[in-house]
Amino acid sequence: MAKVIDGKAYAEGLRGRIAKAVTGLKSAHGLTPGLAVVLVGEDPASKVYVANKAKQTVEVGMNSWEHKLPAETPEADVLALVEKLNNDPAVHGILVQLPLPKHIDSMKVLTAISPAKDVDGFHVVNVGKLSTGQDSLVPCTPVGSVMLAKDVLGKLDGLEAVVIGRSNIVGKPVAQLLLAENCTVTIAHSRTKDLPGVVRRADLVIAAVGRPEMVKGDWLKPGATVIDVGINRIERDGKGKLVGDCDYASCEKVAGAITPVPGGVGPMTIACLLYNTVKAACAAKGIAQPEM
Ligand code: NDP
């Protein structure tokens, strides 16, 4: 049976280290990192995410601002708010919650965020820095996924890694991070031929597909480490249930270690957002980033 990778516990530990770092930054440098979150509209899942982000930001001792705008807010007003936050020295991180309402061009809004405050790591400047091996703000879920892989495997040097999914939010950045860790990286997607055969080569599988329980145990190399990024809501036995992109029941019999859903990668995302905000605050102040 695979070792269960406890993302909830890891995230809790990381938040504890972040809280300690924030206390140190306040006393040594008078610096309180601050995160501003912008929510446009009433998407119920987004409202929950934003509330959780704000709560955890405050819990680690940082400043938190929530800007909630009505769904019909014109694009120009959202851009004006982003510009105001760009110019506010107390704000070190800006996160615009996606998805935005259809009349707003998400790429335009994300590009308006100062790259130095882009704690989601979606700005083209940060994407470019990541892909050219420069220090940058890196998307939170990929950072969290690689932290968990390193926690269980130690060094990732030379491992065969297969990333399933090539989105800008997860697949591509996670592949870049694994490349930086010296893995041999394959990126699979919906046009990949013989996906089970490709996955079977992997020492490390990162699944970010959005298809419930797609990856089966017999697709895995025995002992492989499985990081399941997927969060899918399904109905089973008349009840709502969250499942990953991997079929946990069959995968846990073959894998060496596996993240559960929920309780795996999910809790890492906000912890890494807080991590990025501390990183951005230190860079803005021109001081070294503390250990976290
Ligand atoms: P996207 O829909 O943007 O991307 C999905 C990727 O999977 C695409 O590259 C697509 O390929 C590929 N894909 C789809 N079907 C198949 C298939 N049958 N075989 C192989 N590849 C396939 O999703 P995201 O990257 O945004 O999210 C992926 C999952 O991760 C979702 O379940 C999402 O909920 C979850 N997620 C979890 C987060 C967290 O833990 N906090 C954060 C972000 C996402 P193609 O490019 O060819 O279409």
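Remember, it's 1-based here, ligands and their atoms both numbered in the order they're listed.
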inquiry  = Counting only heavy atoms closer than 4.0 Å, does ligand 1 sit against the backbone of T192, its side chain, both, or neither?
reply    = neither
ask   = Which protein heavy atom lies closest to atom 47 (O) of ligand 1, and at what distance to 0.1 Å?
value = S190 OG, 2.5 Å
inquiry  = When you measure from the heavy atoms of G266 to every atom of ligand 1, does any distance fall below 4.0 Å?
reply    = yes
query = In Å and rounded to the nearest 0.5 Å, what is the CD to CG distance from Q56 to L273?
reply = 9.0 Å
request  = Just need the protein heavy atom nearest to atom 15 (N) of ligand 1, so name the residue and atom and give the distance.
outcome  = R211 NE, 2.8 Å
message = If the threshold is 4.0 Å, N to carboxylate O, is there a salt bridge linking K279 and D135?
response = yes
key: Of the listed options I270, T141, V243, closest to atom 38 (C) of ligand 1 (non-hydrogen atoms)   = T141
request  = Taking atom NZ of K26 as the centre, report whether more than 12 heavy atoms of other residues, nucleotides or ligands fall under 6.0 Å from it.
outcome  = yes
note = The atoms of ligand 1 lying under 4.0 Å from a heavy atom of G165, numbered in the order shown, are 6 (C), 7 (O), 9 (O)
Numbered atoms of ligand 1 (with element) below 4.0 Å of V170, judged on heavy atoms = 25 (O), 43 (C), 44 (C)
remark   = Within 4.0 Å of some non-hydrogen atom of N232, the atoms of ligand 1 are 32 (O)
inquiry  = I'd like to know whether CD of E42 has more than 12 heavy-atom contacts from other residues, nucleotides or ligands below 6.0 angstrom.
reply    = no
query = Are any of the N or O atoms of I231 closer than 3.5 Å to those of ligand 1?
reply = yes
ask   = For G171, is the nearest heavy atom under 4.0 Å from an atom of ligand 1?
value = no
inquiry  = For K8, give me all partners under salt bridge (charged side-chain N to carboxylate O under 4.0 Å, His left out), at least two apart in sequence or on another chain.
reply    = none
key: Location of contacts on M268 toward ligand 1, heavy atoms closer than 4.0 Å   = neither
query = Does a side chain donor of either Q134 or S136 reach within less than 3.5 Å of an acceptor in the other side chain?
reply = no
ask   = When you measure from atom 1 (P) of ligand 1 to every protein heavy atom, which one gives the shortest distance, and what is it?
value = S167 CB, 4.1 Å
query = Is Q97 close to E66 at the side-chain level, that is, under 4.5 Å between some pair of heavy atoms?
reply = no
message = Going by the closest heavy atom to atom 13 (N) of ligand 1, which one wins out of V209, D245, D228?
response = V209
key: K129 atom NZ, over 12 foreign heavy atoms within 6.0 Å   = no
Those atoms of ligand 1 less than 4.0 Å from some heavy atom in L195 = 19 (N), 20 (C)
Co-members of V198 in a cluster of I, L, V, M, F, W and Y side chains, linked at under 4.5 Å = V4, V162, I164, L195, V199, V205, V209, M214, V215, W219, L220, V226, Y248, V254, I258
query = Do other residues, nucleotides or ligands put more than 12 heavy atoms under 6.0 Å from K221 NZ?
reply = yes
query = Are any of the N or O atoms of R191 closer than 3.5 Å to those of ligand 1?
reply = no
